[in-house]
Amino acid sequence: MSTGNGVAPRPGDPPITPELVDEHGLSPDEFAQIQRILGRDPTFTELGVFSAMWSEHCGYKNSKRLLRLLPTQAPWVIQGPGENAGVIDVGEGYALAFKIESHNHPSAVEPYQGAATGIGGILRDVFTMGARPVATLNSLHFGDLDRPRVRYLFGGVVKGIGDYGNCVGIPSTGGEVYFDRGYEENPIVNAMCLGLMRTEDLIRGTAEGVGNTLMAVGARTGRDGIHGATFASEELSEGDDEASRPQVQVGDPFTEKLLLEASLELIASGHIVGIQDMGAAGLTSSGSEMAGRSGTGVEMDVALVPVREDGMTPYEILLSESQERMLVVAAAGREDAVREILEKWELEAATIGSVTASGTFRVLEDGVVVADIPALPLTEGCPTYERPGEEGDEVCALRTMDISSHVEPPAGLRDAFLRVVGSPNVASKQWVYEQYDTTVRANSIERPGGDAGVIRIPGTNRGVAASTDCNGRHTYLNPRAGAMGAVAEAARNVACTGAVPMAITNCLNFGSPLKTHIMHQFRETVLGMRDACAYLETPVTGGNVSFYNETDGKAVYPTPVIGMIGVIGDLDTIVRHAFRDTGDVIFLLGTNTGELGGSEYLYAVHDLVAGEPPGVDLAAERALQRCILAMAAARVLRSAHDVASGGLAATLTESCLGGPRNGGGVGAAVRFEDALPDTALLFGEDQGRVVVSCAPGAVEQLQRLAADYGVPCTRIGTVTGAGSALRIETVSSALRLELDVLRERYFGAIPGIMNEAG
Amino acid sequence: MNVAVITFPGSNCDQDCVRSVELAGGSARYVWHREVSLGDSDAVIVPGGFAHGDYLRPGAIARFSPIMDAVIDFGRGGGLVVGICNGFQVLCEAGLLPGALLRNRSLRFQSHDCFMRVERSDTPYTGDYRVGQVIGMPLSHADGNYYADPDTLAALEAEGRVVFRYCDADGAVTQDANPNGSLNNIAGIANARGNVLGMMPHPDRAIEAVLGSLDGLPLFTSLVGALARAEVA
Amino acid sequence: MSRFTVEVLVTPRPGLLDPQGKAIHHALSSLGYDAVDDVRVGKAIYLEVSAATSQAAAERVEEMCRKLLANPVTEDFRVTAAATGAGS
Amino acid sequence: MSRFTVEVLVTPRPGLLDPQGKAIHHALSSLGYDAVDDVRVGKAIYLEVSAATSQAAAERVEEMCRKLLANPVTEDFRVTAAATGAGS
Ligand SMILES: Nc1ncnc2c1ncn2[C@@H]1O[C@H](COP(=O)(O)OP(=O)(O)O)[C@@H](O)[C@H]1O
Ligand SMILES: [Mg+2]
């Protein structure tokens with residue numbers, strides 16, 4: 001392979017100095033490797049290209065080796081990691097494409113646009129696979145809501161997600177929001193998208209067929225977000241001034257909607273052989289990755305790319321991250337047909353180059369070669385590192401701290417109960433999800449508010465359930481147990497609706513991988529996720545790593561967000577989380593162990609993040625989930641709701657109250673015989689538990705099924721009907737919580753803070 | 001009998017509307033906004049979504065889409081035209097219905113279920129409801145706050161042109177039950193002749209029990225029934 | 001033909017409730033700005049227009065306002081044209 | 001203390017995409033207004049402020065802009081104060 005024919009420095013480009021290489025985030029060794037690949041010095045344009053492709057964001061330099069440990073296969077996996085999105089078979093000829101992505105740094109700088117463009121990017125990842133987006137979810141982690149800046153970020157992010165997704169017309173079916181001082185400076189904003197297609201309509205991001213035509217489609221290229229990919233791989237620092245701040249990318253959801261419809265029409269037309277979003281690192285990553293995947297080369301002339309501003313250099317055009325753009329490979333001779341479809345959708349399409357046999361990523365400017373780089377080494381040759389890791393002292397001290405002195409609630413049990421239920425972490429996220437269109441396209445069977453959202457596969461009686469989960473406090477205190485817990489909880493949430501957990505996507509949000517305690521967190525997280533996914537048979541089909549979530553040396557909690565997918569074969573067997581009828585019998589499946597480490601109780605009542613977080617018994621978890629699924633299939637259940645943040649207190653409250661707009665809820669009377677302190681019993685976040693209810697006549701069948709699966713099953717009480725209270729007895733106390741009071745706490749908490757404080 | 005569902009760039013609920021008509025026993029087809037004729041359509045639905053991105057004001061740009069001249073002529077001539085959500089906004093901008101839809105009182109996009117009281121059952125869209133019936137369905141909008149100047153509002157009330165009003169589960173028309181600040185809790189209105197209807201909530205998302213409500217279906221069966229009767233006559 | 005920058009200010013009609021203005025007013029008060037008595041929020045639209053004179057440019061844009069840029073039911077508008085680059 | 005009407009014009013920073021402006025431009029073109037070369041959309045905010053002088057009023061509002069009314073990352077602003085009722 002020969003490169004560099006005629007590649008010469010472009011007049012006006014800065015000379016390649018060690019400082020410039022360093023500014024591009026490349027080490028001297030990496031630069032030497034680039035020289036070896038090219039057989040010469042790179043041009044400025046080429047340096048920019050390598051810098052973007054070998055950034056953490058595109059090149060996964062510090063994570064790739066560990067990520068290889070994750071299980072990725074199962075008979076139902078059609079496409080594993082490596083494509084724009086993972087794809088699984090969901091039955092009746094349908095395939096589901098899904099993926100989660102972070103937009104943390106852009107959201108910290110400009111919450112509204114940062115979050116909006118995050119949604120835009122993940123939608124494109126899914127519809128470029130040929131799938132129509134049918135649902136989105138979002139996982140958000142912020143600092144404490146008593147800080148005005150946090151309220152500004154929270155409000156802006158939610159509005160940004162809503163305005164973008166609503167305009168494109170994709171229902172939001174779920175997500176999660178956490179508030180903890182661990183995210184004070186660095187919010188975590190992860191967006192997930194699910195898309196459906198007929199299995200045969202799957203298309204991949206490849207540039208096949210020498211002579212085929214490369215077309216730039218959609219919005220024009222501006223100077224936005226140049227080096228966003230590198231930016232996403234650096235920490236924010238207090239001194240970030242405007243000059244050094246890359247320009248914010250502005251989303252245009254209307255153009256996205258047109259691009260979505262046009263792309264699906266293009267894919268269905270057969271006029272194109274490949275399509276990819278110009279996401280991080282724009283034209284550079286889309287062009288070189290498509291070539292790399294298919295072993296071909298591409299050649300393009302940046303002078304042919306439609307631009308929004310005058311005087312853009314090849315460097316800028318190649319690295320721009322302007323939103324709502326696609327790179328399309330049209331079959332030779334079909335360019336006009338492609339253009340016709342795009343014109344109908346009022347979109348621009350420009351022929352910018354072609355697929356070649358050279359194996360190189362070759363870029364011209366008005367016919368003059370400005371870059372010529374072997375495609376595969378560029379996309380796959382990024383050096384990878386496995387850095388040493390060791391648990392940090394600070395977290396070790398917190399984890400091993402004796403929390404027994406904090407078991408007593410200072411102002412009594414009732415006060416603690418109301419504080420936990422009214423803590424923004426446990427309280428209803430209605431304020432969030434009612435800003436998202438949850439019902440557009442009339443397939444939302446279970447909307448946000450329960451354990452997992454469920455979307456119908458149009459024209460069938462099947463559904464896809466999805467949930468995102470990560471308790472960052474648990475993963476902070478013990479990354480391995482926390483990661484296992486996140487997978488277990490996500491699967492349990494999906495199973496509670498009656499859907500079989502199938503596969504996950506994940507978004508790993510961490511601090512700087514160059515620090516040993518962060519690397520320790522990362523490694524432990526991957527190992528925990530590996531074990532849980534293997535055991536629960538939910539392989540990993542893709543995901544995203546976001547490092548450098550740090551400000552002034554302080555990193556976010558390690559936050560591996562799990563996006564779990566489940567399939568429900570018969571929507572008539574769906575189970576919801578709210579108690580239903582007076583007289584129904586309530587059971588606890590699983591065992592109370594009273595684990596208060598890392599709990600919401602300790603945070604909300606004692607302002608403490610400490611202790612060993614709940615452990616995960618994978619065998620018990622698997623048995624529990626299979627048992628729930630069997631009960632759902634046998635239509636034994638009137639309700640099912642898992643136990644997580646806030647413990648039994650939160651679960652029982654939510655099952656009594658139901659959704660925000662269904663009237664007063666129903667009361668319940670429960671009694672626990674466990675020999676545990678009251679707080680440990682009611683607020684412990686022990687894994688592997690679900691509260692279910694059934695009609696009196698179904699009690700025996702339910703108990704038999706639990707016994708069949710070896711799942712501990714304790715009869716704890718009954719549903720007592722409308723307008724009353726939640727009554728809880730333990731061996732030492734009795735509590736009566738009026739539903740009105742619970743309603744006010746649970747539904748009023750977040751609106752109260754957001755409306756009053758402004 | 002054929003219902004035209006207009007698709008603007010940015011329409012999101014055109015499929016839901018076609019499906020609703022079909023479930024009600026009628027037939028419907030899509031009409032792209034750049035067409036200039038409604039062909040042999042017997043009724044028109046302007047669906048929800050974000051036509052032209054809702055940029056400037058919802059409905060402002062869509063109102064000038066090429067097909068809209070035909071829709072306006074059709075409505076002025078007594079043809080059945082219903083606008084749902086964004087479609088309601090388009091019809092107001094186009095002058096087929098009076099008033100305007102302002103930003104929600106909360107200043108937020110709102111997506112949740114609401115209750116409405118049916119005020120008229122003698123329109124082509126509400127024949128299968130009862131007057132006073134309380135119906136529940138989703139709403140989903142940022143600009144649903146109905147406004148008209150005092151004279152217009154008085155005329156709407158005097159002429160009985162308020163078709164749906166936001167209410168609570170028991171049918172009481174209260175400010176608490178008003179989701180967006182609409183004057184007089186107005187959720188849907190008709191033109192003077194009664195052939196053009198606009199409403200903010202989504203009957204097209206309440207057409208199957210599995211979706212949580214069937215209360216939207218009568219709107220479409222009423223429409224299909226009215227067209228069938230017109231065909232016979 | 002010269003180039004003009006035409007500024008269009010679109011404001012809610014007096015008497016109309018302006019929730020956005022009210023919200024900003026509320027936020028300013030809670031930041032301690034007590035000297036603010038009222039806030040109204042509208043749109044500022046800037047058009048680059050080619051025309052023979054600034055008056056012609058303004059007239060053209062006024063027509064656009066009546067047709068599209070402002071909603072006569074709820075909004076008033078004001079148009080000012082200046083030669084492009086002349087500052088404003 | 002006198003009363004001033006302070007006009008704040010908030011506009012998207014140059015170089016940033018302005019989807020709304022783009023859409024309006026497109027709509028005006030299809031209505032046949034070919035003489036329009038560019039459209040940008042911002043906000044116009046009017047505040048009634050009590051202050052000793054118009055300069056004091058403007059300074060106060062500039063502070064509000066930096067704090068709340070404009071987003072420094074994406075928007076520029078311009079403030080003009082006039083005695084209330086003086087027209088503008
Ligand atoms: N950011 C969000 N977007 C949409 N829905 C959300 C969001 N946050 C929470 N929800 C919904 O609120 C409900 C409760 O959330 P959460 O307490 O995280 O549930 P769980 O503990 O079962 O995972 C879920 O249905 C969830 O989907
Ligand atoms: Mg749950």
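We name chains A, B, ... by the order of the sequence lines, and we start the count at 1 in each one.
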For this session: Compare every heavy atom of Ala60(B) with every heavy atom of Leu68(C), then report the nearest pair and how far apart it is.
Result: CD1-O, 3.5 Å
Exercise. What residues form a side chain to side chain donor-acceptor pair (under 3.5 Å) with Ser121(B), not counting sequence neighbours?
Worked result: none
Let me see the donor-acceptor pairs closer than 3.5 Å between chain B and chain C, or none if nothing turns up.
{"from": "Leu56(B)", "atom 1": "O", "to": "Lys43(C)", "atom 2": "NZ", "distance (Å)": "2.9"}
{"from": "Arg57(B)", "atom 1": "NH1", "to": "Leu68(C)", "atom 2": "O", "distance (Å)": "3.1"}
{"from": "Arg57(B)", "atom 1": "NH1", "to": "Leu69(C)", "atom 2": "O", "distance (Å)": "3.1"}
{"from": "Arg57(B)", "atom 1": "NH2", "to": "Leu68(C)", "atom 2": "O", "distance (Å)": "3.0"}
{"from": "Glu93(B)", "atom 1": "OE2", "to": "Asn71(C)", "atom 2": "ND2", "distance (Å)": "3.3"}

Exercise. Is chain C contacted by the side chain of Leu102(B), its backbone, both, or neither, given a heavy-atom distance below 4.5 Å?
Worked result: side chain
For this session: Using non-hydrogen atoms and a 4.5 Å limit, figure out which bit of Ile45(C) sits close to chain B: side chain, backbone, both or neither.
Result: side chain
Problem set entry | Which atom of Ala23(C) lies closest to which atom of Leu107(B), heavy atoms considered | CB-CD1, 3.3 Å
